[in-house]
Amino acid sequence: MSISARRSLLPLLLGAGFALVPVVTGGDVYTVNLAIRIMCLAIAAIGLDLILGYGRLVSFGHAAFFGAGAYAVGILSTHGFTSAPLLIGAAILAGAALALPIGAVSLRTRGVYFIMITLAFGQMLFFTATSLSAYGGDDGLSLPARATFLGTDPFGSPLSFHYVVLALLALVYLGGRAIVASRFGRVLRAGGEDERRVIAAGFPITAYRLVAFVIAGGIAGLAGGLYAEFTEFVSPAYLSWQRSGEFIVMVVLGGTGSLHGAVLGAAGVVLLEEWLAEFTEHWRLIFGPLLVLAALAGRDGLARLLGRGTR
Amino acid sequence: MSTTLLLIQTLNGLQLGVLLFLIAAGLTLVFGVMDFINLAHGVQYMLGAYFLAAFAAATGSFALGLALTLAAALLCGVVLERLVLRHLYGRDHLDQVLATFGIILFLNEAVRALWGSAPLHVDIPEALSGAVRLMPGLLYPLYRLVLIGAGLGVALLLYVLVTHTRIGMRVRAGASDAAMVSALGVNVGRLFTLVFGFGAMLAGFAGALAAPILSVEPGMGDNILILAFVVVVIGGIGSVRGAFVAALLVGLVDTLGRSFSTSLMRLVMDSSAAAQAGPALASMLVYVLMALVLAVRPRGLFPASAG
């Protein structure tokens, strides 16, 4: 099988797999909810892969944009807004609008500076969320009702929720593929490989990166908004730096720079956590060293097992 | 706001600044000398606090507990460096992030498994309990004054060590150009282990000092680690002097901001809005400070690296 055929086969299989989950399990609520959670996180991970995998910028503040989307949905819901397109649109906008100034400052720097600064800004927004006393502060905020769309109830049952999120995941994935394949995407990737050459060729690489950062923020906002609808709850924990770390782990273990690797990584991390947690409440004692081993062995993780070369 | 309150909060700010410096000093050298991002530095601080709680309880003496804590923290740092981190020098920062994130998850959970999730209590040593009258009407706990003094003392010691000894010269040279230092025949591997172990010991020292006045609990190192990152970014990677200035700056801005932001906001808005906006603004202040410094000087106040 040629590489290009394999590249499009795996995403197709993944999509088909998610589509079949409710059918195979007979609509089992636990499994379907697990699949929804994976898909929400996978959307955010795809956003991160755009900047981390293609732009080679290690952003450690991705959870902030995820949380911004979640809070946009939570806050608008408490004020009585229920239109799904409005809420989800606001979630995307919130993620992107926060990513713009944060990206503009962070992208002035490189390397470890960039990691630390995105981490610090993420933490700033975490503390901002804890001080929103009108919206629950530390304790978070329960959504009074789920969003509706033209009189229907798309998030009402696990089954319809599942297919709505799957459709959005497919949309984000295909959009991401289009971005990566475009001239914009090629410049972004080239900048990650050899920045000086791209600058010498006359491309304003920082502007390209900022656009990618904002797109990634918007995608994370979408994921956070969906996650808020899913849990019917929003809290500062959504913005915690541990969650940012988890997004990085997902993208890295799934294989950076492939987009569907992010989906694979999200599924792998969530399932591994669920599985380990069945043995012990201290499952991080196993998960932590696994990450260390993965880093020592070299990344590319799950993706290499599946025989696909990265980058 | 009274002068007394301002003075007390200034001392509190200095106290936070001193703790931040002890953590950031090791962090900035590890960044500078090895170009290594060590997220696990915050858990060294947490381990210091737990070691002190355990050793002080076992020996019945704070001083003996502190000595054992320093030794244990140094040992932990060296073992961690030899076992894991050494293999990740020169690798992509992403590998370092992944590995040290895994170490954080492991050690936070190990502490929770061994000591439970509930905060531990550590007594202030008998000889250092009580308060000192600094001014009429201004009492300040003796232990906290000693903490500030100890931190400043270590800072001075570190300054002499880094600027006036041969080993310090090598560390500084390593921070500005590690490849050249290696080419000149310095055993960089040993230098790295030394810097790493020493940094871990300083972070452990900070944790031990903080143990009697802050709650000793799993994850206590995570938030202070990020503040230490802010310190390193403001001060400039690899610069101990920068870390010192930035740590005091961040400690003072954060502490004074938290105590006075609501009153300041009341000057421009009504008091219920100020009660909302004040705390939100206060928690953002140090990050805004960082953004401002970066806007003017992207490499920090005192950049060490020549490149």
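Only heavy atoms go into these numbers, but all of them, side chains included; no hydrogens, no water, no symmetry mates.
- Contacts of B/L39 with chain A are made by side-chain atoms alone, with heavy-atom separations under 4.5 Å and no backbone atom involved.
- No other option in B/D222, B/L227, B/L285 has as many heavy-atom pairs under 4.5 Å with chain A as B/D222.
- Residue contact with chain A, scored on non-hydrogen atoms closer than 4.5 Å, is absent for B/L281.
- Applying side-chain contact (heavy atoms from CB on, under 4.5 Å) to A/L296 and the options B/L88, B/L83, B/L98 leaves one that passes, B/L88.
- In this structure, B/R258 places its CZ atom where more than 12 heavy-atom neighbours from other residues, nucleotides or ligands lie under 6.0 Å away.
- Considering only heavy-atom pairs separated by less than 4.5 Å from chain B, the leading option among A/T128, A/L119, A/I102 is A/L119.
- Contact of A/A129 with chain B is not made at all, since no heavy-atom distance falls under 4.5 Å.
- Counting heavy-atom pairs under 4.5 Å between each of B/D35, B/T100, B/I226 and chain A puts B/I226 at the top.
- Ranking A/L285, A/V292, A/V105, A/L291 against chain B, the residue ahead of the rest is A/L285, based on heavy-atom pairs under 4.5 Å.
- Taken to the nearest 0.5 Å, the CD atom of B/E109 stands 6.0 Å off from the NE2 atom of A/H282.
- At most 12 non-hydrogen atoms from other residues, nucleotides or ligands lie less than 6.0 angstrom from CZ of A/R197.
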**Message:** Between A/T109 and B/V233, is the side-chain contact (heavy atoms from CB on, under 4.5 Å) condition met? List the steps.
**Reply:** CA-CA 10 Å; A/T109 64; B/V233 168; over 6 Å; no
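- Inter-residue side-chain proximity for B/I104 and A/Q242 is flagged as unmet; no heavy-atom pair is nearer than 4.5 Å.
- When heavy atoms are compared at a cutoff of 4.5 Å, A/E281 approaches chain B solely by way of its backbone atoms N, CA, C and O.
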**Message:** Does B/I37 form a side-chain contact (heavy atoms from CB on, under 4.5 Å) with A/M116? I'd like the steps, not just the answer.
**Reply:** CA-CA 9 Å; B/I37 177 146; A/M116 287 192 279; 4.2 Å; yes
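- Contacts between A/L52 and chain B at a heavy-atom distance below 4.5 Å involve the side chain alone, from C-beta outward.
- Counting heavy-atom pairs closer than 4.5 Å to chain A, the top residue among B/G102, B/A99, B/A282 is B/G102.
- The aromatic rings of B/F101 and A/F60 lie perpendicular to each other, with more than 60° between the two planes, well past the 30° mark.
- Side-chain contact between B/R112 and A/R284 is present, with heavy atoms from C-beta onward closer than 4.5 Å.
- If you measure heavy-atom distances from A/V58 to chain B, the contacts under 4.5 Å come from the side chain alone.
- B/I237 and A/Y113 make their closest contact through N-OH, 3.1 Å (heavy atoms, listed as atom of the first residue, atom of the second, distance).
- Residues A/F121 and B/M290 meet the side-chain proximity criterion, which asks for heavy atoms closer than 4.5 Å.
- Interface residue B/I103: backbone and side-chain heavy atoms are both found under 4.5 Å from chain A.
- Taking 4.5 Å as the limit, some side-chain heavy atom of A/I248 sits within range of a side-chain heavy atom of B/L94.
- In this structure, the portion of B/V97 lying under 4.5 Å from any heavy atom of chain A is its side chain and not its backbone.
- Neither the backbone nor the side chain of B/N108 comes within contact range of chain A; no heavy atom of the residue lies under 4.5 Å from a heavy atom of that chain.
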